[in-house]
Amino acid sequence: MSRSGISAYGDYVAGLQRLAIEPRSAVDWEKRTLAALNGQASTELRRVVALKTRRQFGAFFTGSQLAEKFIACCLAFAKGAVIHDPSLGVGDLLLAAASRLPLRRTVSATLRQWGRQLTGTDLHPEFVRAAKARLILLARQRHGVKASSVTSTSGFFPGIRVADGLTQFTAYERATHLFLNPPFGLVDAPPDCDWAGGRITAAAMFIATALERAKPGMELLAILPDVLRSGSFTAQWRQRIEELADVKLVEPYGIFDDSADVDVFLLRAVRRASSQSLTPHPWTTATNQPTSTIADFFHVHVGRVVPHRDPETGKEHPYIHPRCIPTWKIVRKFSEKRRHEGKVYKPPFVVIRRTSRPGHPYRAAATVIAGKKSVAVENHLIVCEPIDGTLAACKNLMRQLKTEAVNKFLDDRIRCRHLTVGSVAAIPFES
Ligand SMILES: C[S@@+](CC[C@H](N)C(=O)[O-])C[C@H]1O[C@@H](n2cnc3c(N)ncnc32)[C@H](O)[C@@H]1O
C-alpha cells in the first residue's frame with residue numbers, strides 16, 4: 001500500500017518539531033502553539049493530502065470538541081495509568097489524556113513521566129513525529145513561562161512509534177486504558193474470525209483485537225461508526241464485545257466533523273475477567289420497549305433488484321425505485337417496467353426509502369403499493385409485506401410511519417444514513 005500521499009505532510013510536521021523546541025520568547029509562540037494543539041494539524045492534513053489518500057488510511061483526526069466529550073467519559077487516571085492509542089494519528093486522543101496527567105517539577109521530568117504513561121502506534125512516521133511534537137508543546141504550554149525549555153524532540157515518548165496497531169499485542173496487555181478512534185474503512189475479516197465474515201469496518205477489528213488482548217479491568221474508550229451500534233449485520237460484533245467487556249456507555253454523538261460525514265458514537269467498556277457474568281447493555285435505548293413491532297405484523301426485506309448488476313432477463317414486471325413513486329400515497333399504476341428473474345412482490349405491501357437522514361422530517365418515508373401485478377422492487381427500498389395480506393394493514397403502517405414517535409425511535413436507534421431491515425423491523429407498531 002503506497003503511503004506517498006501522506007509524505008506531503010512532512011513539511012508541516014517539521015514546522016511542529018521546530019516549534020516544540022523554540023524558546024517561548026519567540027514571536028507568537030503561545031499563539032502558534034495554541035493553533036498547533038487545536039485543529040491546525042487536521043486542517044493542514046486536509047490542505048496537503050488528497051481526500052482519497054486520507055480515506056485509504058482513515059486519516060480523520062478527532063477535533064477538540066469531540067475530544068473534550070471523549071475525555072469527559074473517562075474516570076480519573078490512577079497513578080500508574082498507561083494509556084495506549086493503537087491508531088494514534090497526530091495524537092489528539094493522547095493529548096486529551098495528557099491534559100489530565102499531573103505535571104512534574106520540570107518540563108523534562110513531566111515528559112519522561114508522560115513517556116512512561118502514553119503509548120501508541122500509527123502506520124505513518126509523519127503522524128508519529130507530529131504526535132510527539134504536539135505532546136511536548138502541550139507539556140510546555142501547561143508548565144507556563146517559568147519552565148525549562150526542551151532542546152530536542154527525539155528521545156521522548158519511546159512507546160509512541162510506527163507500527164501496525166493490530167499486531168502490537170504487548171501494548172494492549174500493558175495498558176490500563178485504551179483510547180481509540182480507529183480507521184473506519186472496510187477490510188477483509190480474518191478467516192478465523194467467528195463474529196464476522198467478508199468485508200467489515202477496520203474499527204470493529206481494532207476494538208475486538210484490543211479487548212481480546214487487554215487485561216481484566218482495562219478501560220476502553222472509543223469513537224466508532226454508528227453502524228456498529230445500530231446495524232443489524234453488526235449484531236455479532238456487539239455480542240462479541242459483550243462477551244469480553246462490561247459495556248458502560250453507548251452514546252450517539254452525531255456527525256464526526258465537516259470533513260468526515262459519518263455518524264459516530266462513544267463507547268466505554270471495561271474488560272471483564274472471563275469468570276464474571278454477562279451483563280448485556282442496550283446499545284440502543286429503544287430496543288427494550290415492550291410494545292409490538294413491525295416484525296410482528298409484516299415480513300421485512302430489502303428490495304431485490306440491483307439495477308446495474310442484475311440482467312434484464314425473464315418476465316417483465318412493473319418496477320419501482322425511490323425516484324418513481326411518491327411518498328405517503330397509495331400507488332396502483334406504475335410508470336416503469338423491467339424484466340427481472342429474481343424475487344418480485346405481490347401487492348399490497350409498503351415500501352420505505354432506505355436513505356434516511358437523522359433529523360429529517362421523516363426518517364421512514366413510505367408508500368403503499370397496491371394493484372394486481374407482482375412488482376420488481378429496487379434495493380434502495382425496504383419492503384414490508386403484511387402477514388394478514390390486507391391493504392388495511394398497509395395503510396395503518398403508512399399512517400404510523402409518518403409520526404414523530406417513529407422519527408424519534410429511528411433517530412435514537414440508527415444514526416447512519418441507511419435504514420436497515422433490523423431497525424425497520426424493530427419500529428413499534430400497533431395493529
Ligand atoms: C481516524 S484516525 C484517528 C487518529 C487519532 N486516534 C485521533 O483520534 O485523532 C485513524 C488513524 O489510524 C491510522 N491507521 C490506519 N490503519 C492503521 C493500522 N493498521 N495501525 C496503526 N495505525 C493505523 C491512520 O494512519 C490514522 O492516523
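Numbering of ligands and ligand atoms starts at 1, following listing order.
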Are any side-chain N or O atoms of Thr293 and backbone N or O atoms of Ala425, one a donor and one an acceptor, separated by less than 3.5 Å? yes
List below, pair by pair, the N or O atoms of ligand 1 and of the protein that are less than 3.5 Å apart, including the distance to 0.1 Å; reply 'none' if no pair qualifies.
{"from": "ligand 1", "atom 1": "6 (N)", "to": "Asp85", "atom 2": "OD2", "distance (Å)": "3.0"}
{"from": "ligand 1", "atom 1": "6 (N)", "to": "Ser87", "atom 2": "O", "distance (Å)": "2.8"}
{"from": "ligand 1", "atom 1": "8 (O)", "to": "Thr62", "atom 2": "OG1", "distance (Å)": "2.5"}
{"from": "ligand 1", "atom 1": "8 (O)", "to": "Asn181", "atom 2": "ND2", "distance (Å)": "3.3"}
{"from": "ligand 1", "atom 1": "9 (O)", "to": "Thr62", "atom 2": "N", "distance (Å)": "2.9"}
{"from": "ligand 1", "atom 1": "9 (O)", "to": "Thr62", "atom 2": "OG1", "distance (Å)": "3.4"}
{"from": "ligand 1", "atom 1": "19 (N)", "to": "Asp164", "atom 2": "OD1", "distance (Å)": "2.9"}
{"from": "ligand 1", "atom 1": "20 (N)", "to": "Gly165", "atom 2": "N", "distance (Å)": "2.8"}
{"from": "ligand 1", "atom 1": "25 (O)", "to": "Asp122", "atom 2": "OD1", "distance (Å)": "2.9"}
{"from": "ligand 1", "atom 1": "25 (O)", "to": "Asp122", "atom 2": "OD2", "distance (Å)": "3.4"}
{"from": "ligand 1", "atom 1": "27 (O)", "to": "Asp122", "atom 2": "OD2", "distance (Å)": "2.8"}

With sequence neighbours left out, which residue pairs that include part of residues 175-190 fulfil the side chain to side chain donor-acceptor pair (under 3.5 Å) condition? Thr62-Asn181, Asp188-Arg199
Please tabulate, one pair per line, all N/O donor-acceptor pairs under 3.5 Å involving side-chain atoms of residues 85-97, not counting sequence neighbours.
{"from": "Asp85", "atom 1": "OD1", "to": "Ser87", "atom 2": "N", "distance (Å)": "3.0"}
{"from": "Asp92", "atom 1": "OD1", "to": "Arg134", "atom 2": "NH1", "distance (Å)": "3.4"}
{"from": "Asp92", "atom 1": "OD1", "to": "Arg134", "atom 2": "NH2", "distance (Å)": "3.1"}
{"from": "Asp92", "atom 1": "OD2", "to": "Arg134", "atom 2": "NH1", "distance (Å)": "3.3"}

Extract all donor-acceptor atom pairs below 3.5 Å that involve side chains of residues 65-74 and protein atoms in other chains or at least two apart in sequence.
{"from": "Lys69", "atom 1": "NZ", "to": "Glu251", "atom 2": "OE2", "distance (Å)": "2.8"}

Hey, does the Lys NZ or Arg CZ of Arg213 hover above the aromatic six-ring of Tyr172, less than 6.0 Å from the centre and inside 45° of the axis? no
Does any part of the side chain of Phe157, heavy atoms only, come nearer than 4.5 Å to the side chain of Leu111, both counted from C-beta? yes
